[in-house]
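Given the structure is predicted, the values throughout are model-derived calculations rather than measurements.
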Number of protein chains: 2
Amino acid sequence: MQIGSKFTIGVHIITAIDYFKDMDRVNSEFLAGSIGVNPVIVRTVISQLREAGIVQTQRGSSGAELTKRLDEITLYDIYKAVGSVDTEEGLFHFHEQPNPDCPVGRNIHKVLDQRLIDAQKAMEEKLRSTTLADIVEDTRQAVNNESNEEKE
Amino acid sequence: MQIGSKFTIGVHIITAIDYFKDMDRVNSEFLAGSIGVNPVIVRTVISQLREAGIVQTQRGSSGAELTKRLDEITLYDIYKAVGSVDTEEGLFHFHEQPNPDCPVGRNIHKVLDQRLIDAQKAMEEKLRSTTLADIVEDTRQAVNNESNEEKE
DNA sequence: GACGGTTGTAATATATCACATTACAGCTAA
DNA sequence: TTAGCTGTAATGTGATATATTACAACCGTC
C-alpha cells in the first residue's frame, strides 16, 4: 500500500511553478514534461490545488500562479489538497465486520482507533513542518551544486 | 489510499489468542468468526506473524501460541510483520519518471525523499509506543465496563 | 470577431492490488 | 485410521491509481 503519487506530483508542480515563473510558459504540458506524466493528471492536481486556495489559474491563458507565499504552504497542505488519505476513513483500513457477539470483536475498535489516529497524526505533523520555501530553496541549492561540480 | 486491514486483523488475532487462551479452542475458524473474515485470511496473517517470531503454530493440532510476552509485542511489530508498507518503496509513492533534463525534475527526489521518510518514521514511532499488553488490558477493561453498565 | 492555444472535466481503458473463496495436501492427536 | 486442523496454491472479483482520448469553455491576439 502506498499514498498515491498525486502528492509528490503536487509538490513538483508548485516547485516548478515558482522555479520557472520568470523564465518559461508554465502550462500543463510543460509541467507534464518535467514530471513525466500525462498533462491531464497535471490539470487534475492543479484543480485540487486551486480548490484548496493554493494556486490560481485562468482558462484560455496559460500558466498558474501561487496565491500564497511559499513559506505559507506546507507539505501537509498539498497532501490534504490532493486527498492523499480519505478524511473519513483514515490512513489505516480497519477490518469491517468484527463480531459484536465476541467480547474482543465488539471492543477492538474502541481500543485501537485512537492509537491509529495518533499514529496518522504524527506523520501529518511531520509534513506540516516542511514548507514549500524549504523545498524550492533546497532545489536551487541542488542546482547550484551541480554547476559547481561541473567546474571541478 | 489506506493501509490494508491485515494490520488490524493481526492485532485482533493476537488479542484474541491471549484473551481466549484458557477458554476456547482458538483455531483459524474461531478467529475468523470473531474478526469477520475468511479463515484463510486468518491463516495467512498468522503465517506472517509466525515468520516474524511472534506466534507459534502446529499443523494438525489446533491453536496458536504467542512466543513473546504481550509487553514485548508492539503495534509496529505487527504492522511490519504483515507488510503493511513495502520496505523498499516506502509509504509515499513517488512519481516515477521526473525529467532528468529539467533542473526541478532531476532534483526533486533528492530534495523530498528524506522528508517523506521522516514523516513515515514519525508514524511508525507512534506505533512502537503501544504494546499488545496495552491493547489486551484495554480490552478487558472495556469488557468490564460493559458488565457494570448492565447492572445499572 | 475569428483563431490558436489553453484549461476543465467527463468518459473510458488498463494494470495492480486487496480480499474472498475453493481446494487439497500435510500433519497431529486420539 | 480417522477426524480435524493448518499451510498454501490457485482463482475470482471488485476497487483504485494512472493513462489517454475527446471536447466544450475560455482567453489573448491578430
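- Dashed line: the shortest gap from a side-chain N or O of A:Arg50 to OP1 or OP2 of C:dG8 is under 4.0 Å.
- Salt bridge status for B:Lys21 with B:Asp18: present, with a side-chain N to carboxylate O gap under 4.0 Å.
- The phosphate of D:dT18 (OP1 or OP2) has a side-chain N or O of A:Ser5 nearer than 4.0 angstrom.
- Going from atom CD of B:Glu65 over to atom C1' of D:dC5 covers 15 Å, rounded to whole Å.
- When each of B:Thr74, B:Ile73, B:Ile78 is checked for a side chain to side chain contact (heavy atoms under 4.5 Å, CB included) with B:Tyr76, only B:Thr74 meets the rule.
- A salt bridge does not link A:Lys121 with A:Asp118: none of the charged nitrogens is closer than 4.0 Å to a carboxylate oxygen.
- Note: NE2 (A:His95) to P (C:dC19) measures 11 Å, nearest angstrom.
- The side chain of B:Val37 lies closest to C:dA20, out of C:dA10, C:dA20, D:dC26.
- Taking the nucleotide of DNA chain C with the nearest heavy atom to each of A:Glu51 and A:Asn27, the more 5' of the two is matched to A:Asn27.
- OP1 or OP2 of C:dG8 has not a single side-chain nitrogen or oxygen of A:Thr44 nearer than 4.0 Å.
- Rounded to an integer number of Å, the gap from A:Met1 CE to C:dT16 P is 18 Å.
- By the 4.0 Å N-to-carboxylate-O rule, A:Glu137 lies too far from A:Arg140 to be salt-bridged with it.
- Rounded to whole Å, the distance from CG on A:Asn38 to P on D:dA22 is 13 Å.
- For C:dT7, the OP1/OP2 oxygens have no side-chain nitrogen or oxygen of A:Ser47 closer than 4.0 Å.
- Between B:His95 and A:Thr8, the side chains place a donor N or O and an acceptor N or O closer than 3.5 Å (distance only, hydrogens not considered).
- Between the P atom of D:dA17 and the CD1 atom of A:Ile41 lies a distance of 11 Å, rounded to the nearest Å.
- Side-chain N/O atoms of A:Thr57 include one lying less than 4.0 angstrom from OP1 or OP2 on C:dG8.
- In this model, the phosphate group of D:dG4 is not approached by any side-chain N or O of B:Arg25 to a distance below 4.0 Å at OP1 or OP2.
- Atom CD of B:Gln2 and atom C1' of C:dC19 are 13 Å apart (whole Å).
- One interatomic measurement links the two molecules: CG of B:Leu31 to P of D:dC5, which rounds to 12 Å at whole-angstrom precision.
- Taking atom CD on A:Gln48 and atom P on D:dT18, their separation rounds to 11 Å, with Å as the unit.
- Residue order along DNA chain D, read from the 5' end via each residue's closest nucleotide, puts B:Ser28 first among B:His93 and B:Ser28.
- Both A:Ile3 and A:Arg43 lie near DNA chain D, and the one whose nearest nucleotide falls closer to the 5' end is A:Ile3.
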